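Beneath this line is the structure, given in structure tokens, with notes to follow.
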Protein chains: 2
Amino acid sequence: MEEQIKKKAARGSICDCKDCVLRELMFIHVPSSGSKYVCKSKVEIKFNKGENIISSGDEIKNMLCIKDGLIKIYNISKNNKEQIISIAKPYDFSYLINIFSNNYYKYNISAIEDSTICFISIDNIKKMVLENGSFAISLLNKLSVASDKIINNFLEINKRNLRGRVAYILLFFSKEIYKSSVFILPVSRKEIAELIDMTTENVIRIMSEFRIEDIIRIHTKEIEIKDFKRLEIIMEKG
Amino acid sequence: MEEQIKKKAARGSICDCKDCVLRELMFIHVPSSGSKYVCKSKVEIKFNKGENIISSGDEIKNMLCIKDGLIKIYNISKNNKEQIISIAKPYDFSYLINIFSNNYYKYNISAIEDSTICFISIDNIKKMVLENGSFAISLLNKLSVASDKIINNFLEINKRNLRGRVAYILLFFSKEIYKSSVFILPVSRKEIAELIDMTTENVIRIMSEFRIEDIIRIHTKEIEIKDFKRLEIIMEKG
DNA sequence: AACAGTTTGTGATACTTATCATAAAACAAA
DNA sequence: TTTGTTTTATGATAAGTATCACAAACTGTT
């Protein structure tokens, strides 16, 4: 990854991303001088679906901001089981989690759709924080929102039975990610299992149940939610 | 709670807590002027074991720092089930989680031992962040560490079976909290269940198993870990 | 088009965990 | 001390979930 960054850094990309969270963090608070550090060091890199972005143990040099696509942040435990911590979408800061608490990435990140990721040097972020209090407040807010989401997600998953979990995650993709009743699942059934803490077989089985109950339509990766009301009831009551 | 703060604020307590995290945040970076906001608004309040400190829905006006004792942060879900998110000990900032992302507390906090809590007005924390970049960096670090711990904890719990979870939590109390092989459990079996996501009966049952297997000694709330090695193996392998 | 490899899908079964019932012990209050 | 209430404890059983086995469908490659 590091080499990729250096290679592409030469291009000298400029801060032109519409609605960029960084823009919001900086330009609102620092209309005149603010962008100097961040724009200078910002690099955009495209990753193909499935490509690795960050590996556990890598040195933390950059903050990541997702311009487009979809990524997953996941842990690999000793017995090689993967636990997906979060799926992050455009304009999420992923991996704010331990950027300020650690020198090395603790978890892994990979693209689950073709994605464009914006890398901003941590050193420059720190300089900005030191020089600009409003930026610091905004950053505290983003960090807070990001961890809050993850913690809330764990609580939501843990209190549900398997049917409730599958309903929860299907509604998550439909409402939060694709904003449509029809969508292409960006992850395998195995990855869904890793995200909601159950086995692959049971994810498949329960999705089949929903299909038989005429709640969803399944065409391999293509899912259509046909009955939101019932799926929501299952999400709430299991 | 609000009335208590006002009542005690009159006393004008001073920043004299040894090893206080706030001291570390402030005085290292701001040797001369730094304490003005925080010390002025800081209030210490004692809570008895079992007392409520923060309720979900309360307006966020203060940051909490635990001077001594032990507290739990927990969520109450719709069906009135409680999920304990974290147990915080002296010099932890509890509830950093959504101080910067929300105007209202999302979770509940109560004392699980007699505790002294330091309240610092959020407004003054924000003033400090705006005026002092090093303080901001330190705060980002503390927030990052706090959420990181919680997220890591969820991952650790979720990947274990019930015996592994009980082993994990007993070792947590012994090593992290009391730093002793003998300790008095500050929580009921029901609360342990809420912390590691299982039923009260199974917590009791598995603790009995450990007793029968001569791994621990139980005298109601008093626990002695007699065989760390075996308990650690159970924690790792279930 | 054919092949190998992976993912999806389904059933049978074993294992884990929750629920229900009931009793003993601990605790709090009169 | 007695009484009532909560917590701890144990067993039996039911429900939920994982594991194993195997087939079908899909994917990428030659």
Side-chain angles (χ1 to χ4, degrees), chain A residues 48-51 72 77 79-84 112-114 157-170 184-213 215-224 234 237-238, chain B residues 48-51 77 79-84 112 157-170 184-213 216-224 234 237-238:
Chain A
N48 295 324
K49 180 175 176 130
E51 255 191 291
K72 66 169 179 179
S77 66
N79 50 349
N80 264 346
K81 289 235 167 176
E82 301 190 1
Q83 299 171 285
I84 298 181
I112 56 176
E113 284 182 353
D114 293 350
I157 295 296
N158 281 349
K159 72 183 175 202
R160 291 180 160 80
N161 68 6
L162 299 196
R163 277 172 67 90
R165 288 180 196 186
V166 175
Y168 176 83
I169 207 66
L170 290 175
I184 309 292
L185 269 181
V187 289
S188 67
R189 312 291 197 261
K190 180 164 169 287
E191 287 172 300
I192 292 178
E194 288 162 1
L195 184 53
I196 59 182
D197 199 26
M198 51 191 280
T199 57
T200 310
E201 292 95 322
N202 277 332
V203 170
I204 293 167
R205 209 187 304 278
I206 287 165
M207 281 176 60
S208 294
E209 283 175 23
F210 290 172
R211 177 176 46 71
I212 291 161
E213 294 165 25
I215 295 168
I216 63 174
R217 184 176 57 76
I218 304 177
H219 191 266
T220 325
K221 296 272 190 192
E222 186 186 319
I223 305 290
E224 178 190 1
I234 291 167
K237 306 194 175 166
Chain B
N48 294 324
K49 181 177 175 129
E51 252 190 293
S77 65
N79 51 350
N80 264 345
K81 289 231 168 177
E82 302 191 1
Q83 299 171 284
I84 298 180
I112 57 176
I157 295 296
N158 281 349
K159 72 183 176 205
R160 291 179 160 81
N161 67 8
L162 299 196
R163 276 172 67 91
R165 290 181 195 186
V166 174
Y168 176 83
I169 207 66
L170 290 176
I184 309 291
L185 270 181
V187 290
S188 67
R189 311 293 197 259
K190 180 162 171 285
E191 287 172 300
I192 292 179
E194 288 161 359
L195 185 53
I196 59 183
D197 198 25
M198 50 191 281
T199 57
T200 310
E201 292 95 322
N202 278 332
V203 170
I204 293 166
R205 207 185 308 276
I206 287 166
M207 281 175 61
S208 295
E209 283 175 24
F210 290 170
R211 177 176 45 71
I212 290 161
E213 294 164 25
I216 63 173
R217 184 175 56 75
I218 303 177
H219 190 267
T220 325
K221 297 273 188 190
E222 186 184 319
I223 306 290
E224 178 188 4
I234 292 167
K237 306 194 175 168

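Below, chains carry the letters A, B, ... as their sequence lines are ordered, and counting in each starts from 1. The structure displayed is predicted, hence computed values, not measured ones.
Residues meeting the side-chain contact (heavy atoms from CB on, under 4.5 Å) test with A:Asn79, sequence neighbours left out: A:Ser77, A:Lys81. Taking B:Thr220 as the reference, nothing meets the side-chain hydrogen bond (donor to acceptor under 3.5 Å, both in side chains) condition, with sequence neighbours excluded. Evaluation of the side-chain hydrogen bond (donor to acceptor under 3.5 Å, both in side chains) rule for A:Glu113 yields A:Tyr178 as partners, not counting sequence neighbours. In terms of the side-chain contact (heavy atoms from CB on, under 4.5 Å) criterion, residue partners of A:Asn48 (sequence neighbours excluded) are, by chain and number, A:Glu51, A:Asp114. For A:Glu224, the side-chain contact (heavy atoms from CB on, under 4.5 Å) partners two or more places apart in sequence, or in a different chain, are A:Val182, A:Arg217, A:Lys226. Residues satisfying the side-chain hydrogen bond (donor to acceptor under 3.5 Å, both in side chains) test with A:Glu213, not counting sequence neighbours, are A:Arg163. When the side-chain hydrogen bond (donor to acceptor under 3.5 Å, both in side chains) test is applied to B:Thr200, no partner is found at least two apart in sequence or on another chain.
Among pairs with a residue in residues 189-198 of chain B, those fulfilling salt bridge (Lys or Arg N to Asp or Glu O under 4.0 Å) read B:Lys72-B:Glu191, B:Lys190-B:Glu194, at least two apart in sequence or across chains.
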Where do N or O atoms of nucleotides 24-27 of chain D meet protein N or O atoms at under 3.5 Å, pair by pair?
none

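Each end of the helix from C:dA1-D:dT30 to C:dA30-D:dT1 gets its own axis, taken as the rotation carrying the C1' atoms of four end pairs onto the next four within a five-pair window, and the two axes meet at 50° to the nearest 10 degrees.
On the nucleic acid side, DNA chain C contacts chain A at distances under 4.0 Å to non-hydrogen atoms, with the end points of that region at C:dT8 to C:dA12.
Within residues 191-201 of chain B, the residues approached by DNA chain C to less than 4.0 Å at the level of any non-hydrogen atom are B:Met198, B:Thr199, B:Glu201, in residue-number order.
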